[in-house]
Amino acid sequence: MKHSFQEELNHEIKKRFSLLAILVSAFLFLLLILFVFAIQYYQLTLETNNIRNNFHEDQAEYKKILSTMNRKSIPLFLKNEKTDREIYSEYYELSAEHLSRGILVIMDQAGSIRFTTQQTRQNPVISPNYLKTVLSGNNYHHSMRRITKGDDSNHYLVMIDTISEGGTELGYSAILLNGNDFLPEGLYYGTNYIIADQFDNVYANNANHFITGTLKKINSNVFDRFLFSYDRQLYLSKKSLIGQNINLYTYSMIFPISVLALFGITSALIIFLVLLYHSKRLATKIAKRNTVSIKMLVDETKKIRNGEKQKIEIQTEDEFEFLADNINEMMEKLDRLIQMKIYLEKKKNLYEIKMLEAQFHPHFLYNTLENIRITSKIDTDLSERLILSLNRVLRYSIDHANEKSNLIDDLAILQDFLEVTKIRFEKFIYTIDVEKDLHMIQIPRLFLLPVVENAIKYGMKERNDLKVAVAVFSKGEEIFFEVRDNGPGFEEELIEKIYLQYEEEETHHGLINSYRRLKIEYPFLDLRIFNHKKGACVQFVVWRTIDGV
């Protein structure tokens, strides 16, 4: 013995606990990473919603102002029924609650600027030609939103509405919102944002990451992924549609990976060392305690082996006591099985005697010998064949040195028997068909002979051109031993009687004896008896996978 059980158990527990410590440490490290990601993603989502709400609130307020003036003041102004001063007053009164006011622009039907709240009309922040181009575009509808860069290098959101009265267009009104004036509230976690249109024109932003070129456009391709790396930094991002062709891009830099990795690895290593230390202590304690019960169990089994005791007696009040009780129960079952085996051996010998009785009825021997006497005067070759066949059948059935036989050898003797019968009955026909793969399976000697004899005995009473077909074949996991004839078939009462008797202890029916002999070798066996259109059929069905055939 190279190692004691205690040493092996101690080593195995340590190994398992060490693996568990590694897995727990790795899990906690990953959990830490996921926790950081989850917190930052939650913060990003929360502040994205705040920015979106602020943008929508501003848009709603200016849309309401523009809508109110479009219904009342601006149509009158375009018809020269209101002055510039009145428009100034009304606009500033409506937008008084806003800390920063957008620039109101009124244009006539031709797109020429008639009014603006910009202090210097000579240098408008948005080119009149740009506004005319927007108005003449193919995609123009009643209301539109555009983002553009102004001549003052600031970025503006242009809100344009059509002024109509009685189905006639009078002109256009617009509010220009400076992106520098958009200051969302509720940004506490350092979220960066960029508001841009589908052409990557930027309206507002609080950081210059991902904004490139002289036109200051956003590189929106980097936001195609939820998690991306840029300039050796890792970012979380969200992309949201917040208006007509207007997107909100929000992003935040993830906690520095190097610092996070160092902290996580250090924490995981500390946890691993603590778990490893306690696992070694626990392994030693478990191994020491369990080996006490095992030693008691080993000592008891030695006494049983030496014949000193008949059962294990230990009181450890743990699983080993339960194990001992189960071993005792198994030993009792094993003893019962041994007794059953002895009983079955006795029954097997009884079946052998019955088999011999069924195989060679004196009438069969008398008729065969009489045929030999007659043929010896007429055809000596035929007589010699009869003697050889009968000799092989008698020798094979009487020799009990090995009760089991290969299928192909056993059927060769059965063929000798059928040859003798064929000589006796001139019109008798038989066939034997066996699958090649089944030639070497083990079967009880001549267990099919009583079935064949019954088929000949009862078949010849009805017809002298009797045909008996013996076949052994397989279907899936089942092996069929079949005897089929063209005789009168079984009476239903006889079939029912056989089915009632074939599991009884005592019976002298040859077919049932054949079933019992085969069942001793292959416990999972089924007997099937039925009539077909041209006679009777008996099948013994063995399950291949269960019996290992």
| field | Criterion side-chain contact (heavy atoms from CB on, under 4.5 Å) on Val468 and Phe428, from CA distance to verdict | value | CA-CA 8 Å; Val468 174; Phe428 173 71; 3.8 Å; yes
Is any side-chain heavy atom of [Y] closer than 4.5 Å to one of [X]?
X      : Y      : value
Ile456 : Phe417 : yes
Phe481 : Val541 : no
Tyr515 : Phe447 : no
Val434 : Val470 : no
His56  : Asn54  : no
Leu418 : Ile432 : yes
Phe524 : Lys519 : no
Asn464 : Phe425 : no

Give the minimum heavy-atom separation between [X] and [Y], together with the two atoms involved.
X      : Y      : value
Leu438 : Ser474 : CD1-N, 4.2 Å
Leu511 : Asn454 : N-ND2, 4.1 Å
Gln40  : Met253 : NE2-O, 3.2 Å
Asn192 : Asn206 : CA-OD1, 3.3 Å
Asn247 : Tyr249 : ND2-OH, 3.5 Å
Asp410 : Ser405 : N-OG, 4.0 Å

| Glu47 (side chain) donor-acceptor with Tyr188 (main chain) under 3.5 angstrom |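 Between the backbone of Tyr188 and the side chain of Glu47 there is a qualifying donor-acceptor contact (under 3.5 Å).
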| request: Output yes when a side-chain donor or acceptor of His439 lies under 3.5 Å from a complementary backbone atom of Leu407, and no otherwise. | output: no
| query | Can you list the steps and then say if Arg52 with Ser240 is a side-chain hydrogen bond (donor to acceptor under 3.5 Å, both in side chains)? | reply | CA-CA 9 Å; Arg52 182 191 297 111; Ser240 311; 3.1 Å; yes
So, taking the atom named [atom1] in [X] and the one named [atom2] in [Y], what distance separates them when rounded to the nearest 0.5 Å?
X      : Y      : atom1 : atom2 : answer
Ile529 : Cys537 : CD1   : SG    : 10.0 Å
Thr431 : Gln415 : OG1   : CD    : 10.5 Å
Glu462 : Asp485 : CD    : CG    : 11.0 Å
Leu466 : Lys422 : CG    : NZ    : 11.5 Å
Leu411 : Leu449 : CG    : CG    : 11.0 Å
Ile194 : Ser220 : CD1   : OG    : 10.0 Å

Can you list the residues that meet the ring-ring contact (aromatic ring centres under 6.0 Å, His included) rule with [X], with sequence neighbours excluded?
X      : value
Phe210 : Phe223, Phe228, Tyr230, Tyr235, Tyr251
Tyr189 : none
Phe530 : none
Phe473 : Phe480

Residues which pass side chain to side chain donor-acceptor pair (under 3.5 Å) with [X], listed by chain and number, not counting sequence neighbours:
X      : answer
Asn406 : Gln442
Asp416 : Arg392
Lys467 : none
Asp465 : Arg463

Quick one: side chains of residues 489-496, donor-acceptor pairs under 3.5 Å with protein atoms, not counting sequence neighbours, listed by atom name and distance.
none

If the condition is side-chain contact (heavy atoms from CB on, under 4.5 Å), which residues does [X] pass it with, not counting sequence neighbours?
X      : result
Thr250 : Leu44, Thr48, Ile51, Thr191, Tyr193, Lys238, Leu248
Lys333 : Glu329, Arg336
Ile39  : Phe35, Gln43

| Evaluation steps, side-chain contact (heavy atoms from CB on, under 4.5 Å), between Val542 and Ile441 | CA-CA 12 Å; Val542 173; Ile441 65 173; over 6 Å; no
| message | Other residues, nucleotides and ligands only: do more than 12 of their heavy atoms fall within 6.0 Å of OH on Tyr42? | response |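 No, not enclosed.
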